[in-house]
Amino acid sequence: MDLTPHPLVVRARRLAADLLAPEAERVDQEGVPRSHIEAVKRSGLLGVSAPADHGGAGAPPAVAREVAEILAGACGATWFVQTQHHTPVQTLVRGERPARDRLLGPLSRGELLSGVAYAHLRSYPRRPVRVRPERGGWRFDGTVPWYTGWGLNDVMLLAGVTDSGEVLFAFTEARERPGLRASEPMRLAALTAARTVSLELDGLWLPAEAVALRTPYDRWAAGDRIKTLHTSPAVFGITEAALSLLDTGTAAPLRARLSGIRRRAYQLADGPPPEGWTGPATRAQGAGTESEARAVDAWVTERLAVRADAYELLRTSTTAAVVAGGGRAMALTSRAQRLAREALFLLVQGQTAESREAHLRALGGAPADTGERNP
């Protein structure tokens, strides 16, 4: 068995040790500096999952997860800015030309950093951002509630929904101009440093060649739902960072739990969806045959249960780090306190109604919803 770390893992560890971790508390208070972003670009980490024939690394999922854990554990704000980049890359891999031809190479090589403006799609059938054809291109109107990396990203992947229920993704420069206005950066309990704003769209026009993907909403939602069922590697990265602040005796049982939960979470993430998977379809709507529907219910429930276990361990580990730090942990310069606030953020990052309900059931001590149906 080859135990040699992947070159990108080695680079991530070096970047974390030499720059991100030593600066993390200052960054938390002052904001992610452009120099951090330039360092990430030079490292090649932005292309970890990008295709090799476009200048990326084409690394397997295990490598991408380990890199994400390292970056998140070192500096949550820098991790959060750069993690936005990987969705635009994967969108272009299966996306439309000419946007694919123009941008996949620069994004894969880390020459450009992309943000994302699409989480509002999860509120469908509400349409916070509406799209309609105009003058050979597309007009965007509405509000993007959350956009991270403003002032740091070069481009953004912007999404909206058409009158016919189609999801449309298009690339544009991440800067203000007629039809696009950003709010002041939000003051948040955690990750204020990541420069999150809201965007007001008032007749923003983008040409047809900016479009990266057009697809029916249900088809997009099926893939997106899978992502929200799984545990973010950042959860394990921040948990590991918190455990490093504890003495060996306190950390040992928590680290054993971390190993088991992480292993199970990644095993589940690598598994294919079951027969009858219909993405956003609810239990009431059904999913194929009765046996397929039961399999889907069980598949979803297991993943949400592991995700809730990971959150509980994250909460316990960061709380233990604060307790171990004593009164010093209340200082804004405390690593334990920063990690605890970043853990709070991860509790709601990528949250959907489905994941929220499962997490609340777990917090209340209720038995898992097994998906059992009445005959």
Side-chain angles (χ1 to χ4, degrees), residues 31-32 34 37 80-85 87-89 91-92 95-100 102-103 106-107 112-188 191-221 224 348-353:
V32 176
R34 184 163 292 278
I37 298 304
F80 192 48
V81 171
Q82 67 80 42
T83 200
Q84 316 292 316
H85 180 87
T87 294
V89 169
T91 300
L92 282 171
E96 298 185 11
R97 305 173 71 178
R100 184 177 189 273
R102 179 170 59 91
L103 288 170
L107 292 177
L112 297 175
L113 175 69
S114 182
V116 294
Y118 76 89
H120 51 273
L121 295 178
R122 294 174 183 144
S123 65
Y124 190 82
R126 286 199 309 109
R127 292 190 297 155
V129 176
R130 303 171 301 284
V131 187
R132 66 173 185 266
E134 183 177 282
R135 294 184 286 122
W138 297 91
R139 175 185 172 122
F140 288 76
D141 291 281
T143 301
V144 175
W146 304 90
Y147 179 81
T148 294
W150 186 254
L152 297 171
N153 297 320
D154 302 297
V155 296
M156 74 169 79
L157 181 62
L158 173 63
V161 182
T162 67
D163 292 339
S164 62
E166 188 176 49
V167 173
L168 186 144
F169 288 84
F171 280 92
T172 185
E173 292 179 74
R175 61 176 179 82
E176 285 197 346
R177 58 191 182 281
L180 172 59
R181 186 177 74 257
S183 72
E184 290 297 313
M186 298 179 188
R187 293 289 300 169
L188 305 171
L191 275 69
T192 288
R195 302 194 192 184
T196 298
V197 299
S198 63
L199 301 175
E200 292 299 325
L201 308 173
D202 184 13
L204 176 67
W205 183 85
L206 298 179
E209 56 265 28
V211 174
L213 180 67
R214 289 176 61 184
T215 188
Y217 178 84
D218 285 349
R219 183 177 300 169
W220 172 82
D224 180 69
V348 297
Q349 192 244 339
Q351 185 187 67
T352 65

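Owing to the predicted nature of the structure, the values given are computational and were not obtained by experimental measurement.
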Q. Can you check side-chain contact (heavy atoms from CB on, under 4.5 Å) on T196 and L191, steps first, answer last?
A. CA-CA 8 Å; T196 298; L191 275 69; over 6 Å; no
Distance, nearest 0.5 Å, that separates [atom1] of [X] from [atom2] of [Y]:
X	Y	atom1	atom2	answer
D154	I37	CG	CD1	9.5 Å
R187	T192	CZ	OG1	5.0 Å
R195	T148	CZ	OG1	12.0 Å
L206	W138	CG	CH2	11.5 Å
R102	L112	CZ	CG	9.5 Å
E166	T215	CD	OG1	7.0 Å

Please answer whether the main-chain N or O of [Y] pairs with a side-chain N or O of [X] as donor and acceptor at a distance below 3.5 Å.
X	Y	result
R34	G151	yes
H85	N153	no
R100	L92	yes

Would you name the heavy atoms of [X] and [Y] that are closest together and state the gap between them?
X	Y	result
G115	Q84	CA-CB, 4.1 Å
L113	L152	CD2-O, 3.9 Å
F140	A159	CE2-C, 4.2 Å
Y147	A174	OH-CB, 3.8 Å
A208	G136	CB-O, 3.4 Å
D141	G203	OD1-N, 2.7 Å

A side-chain contact here means heavy atoms from C-beta on lying under 4.5 Å apart; do [X] and [Y] qualify?
X	Y	value
P88	F171	yes
T91	V116	no
E200	S183	no

Q. Between F169 and W220, how do the two ring planes meet: parallel, tilted or perpendicular, split at 30° and 60°?
A. tilted
Determine all donor-acceptor pairs shorter than 3.5 Å in which one atom belongs to a side chain in residues 127-135; sequence neighbours excluded.
residue	atom	partner	partner atom	Å
R127	NH1	V161	O	3.1
R127	NH1	T162	O	3.2
R127	NH1	D163	OD1	3.0
R127	NH2	D163	OD1	3.1

Q: With side-chain contact (heavy atoms from CB on, under 4.5 Å) as the test, would you mind laying out the steps for E184 and W150 before giving the verdict?
A: CA-CA 10 Å; E184 290 297 313; W150 186 254; over 6 Å; no
Q: Under the side-chain contact (heavy atoms from CB on, under 4.5 Å) rule, what do L180 and L158 come out as? Steps first, then yes or no, please.
A: CA-CA 11 Å; L180 172 59; L158 173 63; over 6 Å; no
Q.
Assess the residue pair V32 and F80 against the criterion (side-chain contact (heavy atoms from CB on, under 4.5 Å)); give the C-alpha distance rounded to whole Å, side-chain angles, the decisive distance to 0.1 Å, and a yes or no.
A. CA-CA 10 Å; V32 176; F80 192 48; over 6 Å; no
Q. Can a donor-acceptor pair be found between the side chains of Y118 and D224 at a distance below 3.5 Å?
A.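 Their side chains do not contain a donor-acceptor pair, so the 3.5 Å distance test is not met.
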